[in-house]
Amino acid sequence: MRVLLIEDDVEIAEGVRQLLERRKFAVHVAHDGDEGFAALTHDRFDVAIVDIGLPKRDGFTVARQARAAGIQTPMLMLTARDAVEDRVRGLDAGADDYLIKPFVEEELHARLRALLRRTPAPVRERYVVGDLVIDCGGRTLEIAGKPVKLAATEFRVLEYLAANAGIVLSRDQILDCVWGTSFDGSRNVVEVYVSAIRRKLRAINAADRLVTVWGIGYKLTA
Ligand code: CA
């Protein structure tokens, strides 16, 4: 699940990022309203967490303009404890729910789960990452027009990386998504599959698309 977090307070942003990553969300942080709006409109997220007080464009404006642009991403707005009118304004602007700061991890997680239940994420049929095209229906991968043959599990690993293109995913996140949380085999399995995919990419000089971030995980880049 991909979360867009639009929050200018670096400390809060980092705290929320860490707690969501522990819950296996892939988190993209935008530090002001312009950056957040650009991310919302150019990329796909399963849910967005939007602070109200933001530089450049406040959270109300981000929500209103995103809805006006047809963006359906569920939005959770962060409001201050004493600002009741902000909650109403946030919902009027197009937010789906609000959360009062400061909040505890359990509450944030519960609200996100509720939002994700309410609006199932649309299933993407195709991912385009630079010249890399992943057709999920046809289960095919093409890079610069050249087809690459992948085994079913390799394809699922790549699909998950493509759904989170540009974001580093940990081995555990990949393991949970592709093999399921009940998997109790060797955790090396992720490395094995990533190397297998990379070998196939290397054959067409595209191995650099699948980046290893030492000590953290992997990401797919254009
Ligand atoms: Ca703020």
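All values reported here derive from a predicted model rather than from experimental measurement. First listed ligand is number 1; within each ligand, the first listed atom is number 1.
The atom name of the N/O/S atom in D8 closest to the Ca ion (ligand 1) is OD1. Checked against the Ca ion (ligand 1), the N, O or S atom of D51 at the shortest distance is OD2.
When D51, D9, T79 are each tested for a side chain to side chain contact (heavy atoms under 4.5 Å, CB included) with K101, only one passes: D51.
At least one N, O or S atom of G53, from either the backbone or the side chain, sits less than 3.0 Å from the Ca ion (ligand 1).
The 12-atom threshold is exceeded at CZ of F45, counting heavy atoms of other residues, nucleotides or ligands nearer than 6.0 Å. Remark: E85 CD is packed, more than 12 non-hydrogen atoms of other residues, nucleotides or ligands lying under 6.0 Å away.
Between the side chains of R198 and T212, at least one donor N or O lies within less than 3.5 Å of an accepting N or O.
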